Undergrad: 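Take this structure first; my questions come after.
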Number of protein chains: 2
Amino acid sequence: MNSIFETEQAVTSADKTFIKMRGDIVEGNIVAGSKLSEAELSTKYQVSRAVIREAINRLATCHLVERKANIGARVVGLSPEGLVELYQVRESLEGMAARLAAKNMSVDEIGQLKELLNQHYEKVEGSESYYQEAGDVDFHYRIILGSKNSHLISLLLNGIYHLVRMYRVQLGMAGPRVSTAFDEHKNIVSAISNRDEELAEMLMRRHITYSMRNIQTKLTNEKNRR
Amino acid sequence: MNSIFETEQAVTSADKTFIKMRGDIVEGNIVAGSKLSEAELSTKYQVSRAVIREAINRLATCHLVERKANIGARVVGLSPEGLVELYQVRESLEGMAARLAAKNMSVDEIGQLKELLNQHYEKVEGSESYYQEAGDVDFHYRIILGSKNSHLISLLLNGIYHLVRMYRVQLGMAGPRVSTAFDEHKNIVSAISNRDEELAEMLMRRHITYSMRNIQTKLTNEKNRR
DNA sequence: TTTAGAATTATTGTCGACAAAGTTGCTATT
DNA sequence: AATAGCAACTTTGTCGACAATAATTCTAAA
């Protein structure tokens with residue numbers, strides 16, 4: 001899926017089911033806001049209800065579904081408000097991640113990050129609009145991992161990022177903002193390279209804020225079109 | 001336990017067991033770093049292994065235990081590094097919470113917050129060293145709730161805060177810093193009251209950083225004493 | 001016709017048993 | 001005596017059945 005790491009190796013049946021379901025939710029195959037029937041899913045994914053229940057619990061910890069006792073689970077709904085809330089958290093956590101990355105990334109890792117940036121540049125130059133998704137995700141992933149803070153990594157990669165992807169995929173975030181985003185990435189790397197924690201955090205926060213505004217614009221345009 | 005809200009009403013058996021276990025882990029009745037045997041816990045809490053498993057899963061989402069496939073779960077270990085990582089996340093999230101609280105709290109809520117502060121002041125004046133725990137937690141809770149951001153609230157209250165408490169309880173955080181902290185609280189409320197988002201965030205971040213340094217000091221003193 | 005209540009149906013929660021994987025300790029060979 | 005491999009045992013993972021709770025339907029009274 002995305003280049004660097006397929007870290008999560010599913011060993012147990014619940015693992016696999018969880019990952020499948022998560023994909024189906026993010027991609028919209030299981031529609032946002034819909035109710036999840038354990039029995040139904042059990043036949044659909046060919047596993048017992050026990051593993052479905054475990055999968056649902058894990059999805060709940062990613063904030064991809066919401067569970068209510070004795071009532072059941074529903075897929076989270078997508079809304080402009082939800083998007084804003086999500087990005088506020090993202091801004092906060094990734095800002096900190098950038099700060100810590102500036103502090104904790106090895107020179108080697110920073111070198112690789114610059115290398116990645118060069119690859120992106122070539123893609124942008126060649127105006128292959130490839131860039132957007134995978135590249136951007138890759139960039140952010142490296143910085144998050146560079147923070148070396150396990151809590152942060154877990155919250156972002158196992159939690160928030162799938163919801164972010166869900167918004168991106170289902171609201172069709174392709175859009176421009178490519179070259180702009182590239183410059184922002186470049187400046188962030190520069191700050192990290194200079195070990196300027198403050199600046200790295202600030203730039204990352206701005207970068208994410210801009211990105212949110214970009215999505216919001218599309219969201220409202222989408223609305224007006226109807 | 002803490003004054004404002006006993007929001008989490010346990011309806012199902014797994015809920016209750018989860019809450020009991022969480023308490024036992026935070027209090028140290030189940031010792032940090034120890035392995036959790038499902039069978040053992042099953043007899044201890046008088047419920048089936050299924051509900052123990054569910055409870056353990058939820059504990060894992062709070063980062064209170066770590067699960068490995070086909071091997072089992074162990075209670076998280078307490079370490080200086082872990083504490084630092086935890087507080088970095090806390091700084092980031094609660095900073096954002098304070099910022100959003102400055103934006104989103106109603107004048108009424110702000111009034112109540114000031115009221116709370118007055119109560120604390122009386123306690124501090126009368127040199128009842130009551131203050132520390134409950135009061136501080138209460139203060140932070142209100143601001144977090146004041147952010148009106150459901151992700152933030154969930155991450156902090158259902159997640160991080162129990163781990164924070166675990167450190168506090170098990171490393172015996174009583175300590176001074178009472179009057180100092182009180183002034184910091186006052187300034188934060190002041191910033192929120194003035195709707196100064198930037199300042200509120202900055203002050204909250206500092207407040208948490210100081211608090212971490214305070215704990216760290218004790219941790220190292222503790223170490224040297226041995 | 002509408003609504004309150006009871007009976008029925010469907011869905012989630014809990015349980016004990018079995019399957020699969022991991023761990024430990026023994027045996028045999030070098 | 002040390003180690004590799006096998007066997008017994010322990011622990012976690014998965015399953016289907018039953019219990020408890022919520023949703024629905026039907027009936028009866030206003």
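Quick caveat: nothing in here was measured; it's all calculated off a predicted structure. To find a chain, count down the sequence lines: A is the first, B the second, and so on, and within it residues start at 1.
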Undergrad: Can you tell me if A/S48 touches the phosphate of D/dT14, counting only side-chain N or O atoms and a distance under 4.0 Å to OP1 or OP2?
TA: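 For A/S48, the contact criterion (side-chain N or O under 4.0 Å from OP1 or OP2 of D/dT14) is not met.
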Undergrad: Whole angstroms only, please: what is the CZ-P distance between B/R53 and C/dG13?
TA: 16 Å
Undergrad: Could you list all the ring pair (Phe, Tyr, Trp, His ring centres under 6.0 Å) pairs where at least one residue sits in residues 50-77 of chain B, not counting sequence neighbours?
TA: A/H151-B/H63
Undergrad: Indicate whether OP1 or OP2 belonging to D/dG13 is found under 4.0 Å from a side-chain N or O atom of A/S13.
TA: no
Undergrad: Figure out the CD/P separation between B/E54 and C/dT14, and round it to whole Å.
TA: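 Roughly 7 Å, once rounded to whole Å.
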Undergrad: Less than 3.5 Å apart, any donor N or O on the side chain of B/E94 or B/Y161 sitting next to an acceptor on the other?
TA: yes
Undergrad: Of A/A50 and B/G72, whose nearest nucleotide on DNA chain D comes first from the 5' end?
TA: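 Of the two residues, B/G72 wins.
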Undergrad: Could you say whether A/A69 or A/A14 is positioned toward the 5' end of DNA chain D, judged by the nucleotide with the nearest heavy atom to each?
TA: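 Going by which nucleotide is closer to the 5' end, it is A/A14.
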Undergrad: Side chains of B/Y45 and B/D24 only: does a donor on one sit below 3.5 Å from an acceptor on the other?
TA: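 Yes - a donor-acceptor pair under 3.5 Å links their side chains.
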Undergrad: B/T12 side chain N/O closer than 4.0 Å to the phosphate oxygens (OP1, OP2) of C/dT12?
TA: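 Result: no.
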Undergrad: Please report, rounded to the nearest Å, how far the C1' atom of C/dT12 is from the CD atom of A/E38.
TA: 6 Å
Undergrad: Is atom NZ of A/K35 surrounded by more than 12 heavy atoms (other residues, nucleotides or ligands) closer than 6.0 Å?
TA: yes
Undergrad: Rounded to the Å, how far apart are B/I52 CD1 and D/dG13 C1'?
TA: 16 Å
Undergrad: For the side chain of A/N104 and the backbone of A/K148, is there at least one donor-acceptor N/O pair under 3.5 Å apart?
TA: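 Between the backbone of A/K148 and the side chain of A/N104 there is no qualifying donor-acceptor contact (under 3.5 Å).
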Undergrad: Taking the side chain of A/S37 as heavy atoms from C-beta outward, which of C/dT12, C/dT14, D/dA22 is closest to it?
TA: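 Of all the options, the side chain of A/S37 is nearest to C/dT12.
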Undergrad: Categorize B/L36 for me: base, sugar-phosphate, or nothing, with a 4.0 angstrom heavy-atom threshold over every strand shown.
TA: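 Sugar-phosphate, backbone atoms only, no base.
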Undergrad: Does A/R49 make a side-chain N or O approach to OP1 or OP2 of D/dC15 shorter than 4.0 Å?
TA: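 Checking A/R49 against D/dC15: no side-chain N or O falls below 4.0 Å of OP1 or OP2.
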Undergrad: Rounded to whole Å, please give me the gap between CG in A/N57 and C1' in C/dT14.
TA: 14 Å
Undergrad: In whole angstrom, what separates A/N70's CG from C/dT12's P?
TA: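 Checked: the CG to P distance equals 10 Å.
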Undergrad: So, is B/K35 close to the D/dT12 phosphate, meaning a side-chain N or O under 4.0 Å from OP1 or OP2?
TA: yes
Undergrad: In whole Å, I'd like the distance from the CG atom of B/D15 to the P atom of D/dA20.
TA: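 Result: 17 Å.
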Undergrad: Once you round it to whole Å, what is the distance between P of D/dA23 and NZ of A/K68?
TA: 10 Å
